[in-house]
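This report refers to the structure that appears directly beneath it.
Count residues from 1 along the sequence. For clarity, every value in this text was computed on a predicted model and none was experimentally measured.
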Amino acid sequence: MPPLVGAELVQTPVQLYRYLLRCCRLLPTTAMQQHYRHTIRQGYNSHSDEDDPERIQMIIQRAIADADWILNKYIQKK
């Protein structure tokens, strides 16, 4: 189950970036939010030159799955 509504609509790297930043708002502490925002920004910058559509879709699917795992991990700890 995706962490936020609209995960299935993410098709471009910019949409993924914005989606992941919205997911960060759900994390319980400011420190966690800052850490994952920084990680998202680094990942976006490191893959900004990717031009293979298949590879981009693989990255998007993996990033959404990772965001789901991270949110489930921290939200269940409450």
Side-chain angles (χ1 to χ4, degrees):
M1 178 174 88
L4 287 179
V5 175
E8 63 280 352
L9 301 175
V10 174
Q11 296 296 318
T12 67
V14 173
Q15 290 173 336
L16 175 65
Y17 182 75
R18 294 183 67 195
Y19 173 81
L20 293 175
L21 290 178
R22 286 192 304 272
C23 287
C24 281
R25 294 183 199 152
L26 301 176
L27 292 170
T29 67
T30 304
M32 282 184 208
Q33 291 174 7
Q34 289 174 346
H35 170 76
Y36 285 107
R37 274 197 310 261
H38 178 74
T39 302
I40 291 164
R41 191 174 304 116
Q42 281 186 320
Y44 181 79
N45 289 335
S46 70
H47 293 293
S48 64
D49 61 343
E50 190 65 57
D51 58 357
D52 179 19
E54 278 187 35
R55 175 77 175 127
I56 291 170
Q57 287 306 311
M58 286 175 47
I59 292 169
I60 289 172
Q61 290 170 358
R62 180 59 193 236
I64 290 172
D66 289 348
D68 186 29
W69 183 84
I70 289 168
L71 287 175
N72 285 336
K73 175 183 170 184
Y74 289 117
I75 290 173
Q76 289 177 0
K77 281 187 173 184
K78 284 185 175 181

What is the distance from atom [atom1] of [X] to atom [atom2] of [Y], rounded to the nearest 0.5 Å?
| X | Y | atom1 | atom2 | value |
| --- | --- | --- | --- | --- |
| I40 | H38 | CD1 | NE2 | 11.0 Å |
| T12 | R18 | OG1 | CZ | 9.5 Å |
| I70 | T39 | CD1 | OG1 | 8.0 Å |
| D52 | I59 | CG | CD1 | 9.0 Å |

Donor-acceptor pair, side chain of Q15 and main chain of A7, under 3.5 angstrom:
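Here the side-chain-to-backbone pair does not exist.
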
Heavy-atom pair with the smallest gap, counting every atom of [X] and [Y]:
| X | Y | result |
| --- | --- | --- |
| S48 | N45 | OG-O, 3.0 Å |
| L71 | C23 | CD2-O, 3.6 Å |
| L20 | A67 | CD2-CB, 3.7 Å |

Just wondering, do V14 and Y44 contact through their side chains at under 4.5 Å, heavy atoms?
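The answer is yes; the side chains approach within 4.5 Å.
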
Are side-chain heavy atoms of I64 and L16 found at a separation under 4.5 Å?
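They are in contact (side-chain heavy atoms under 4.5 Å apart), so the answer is yes.
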
Count I, L, V, M, F, W, Y as connected when their side-chain heavy atoms are under 4.5 Å apart, and connections chain through other members. Are V10 and W69 then in the same cluster?
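Result: yes, single cluster for both.
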
Joint hydrophobic cluster, Y19 plus I75, side-chain heavy atoms closer than 4.5 Å
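In one cluster with Y19: I75, yes.
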
In residues 30-37, what donor-acceptor pairs under 3.5 Å come from side-chain atoms, sequence neighbours left out?
from : atom 1 : to  : atom 2 : distance (Å)
Q33  : NE2    : L27 : O      : 2.9

Could you work out, with salt bridge (Lys or Arg N to Asp or Glu O under 4.0 Å) as the rule, every residue matching R25, not counting sequence neighbours?
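Applying salt bridge (Lys or Arg N to Asp or Glu O under 4.0 Å) to R25 gives none.
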
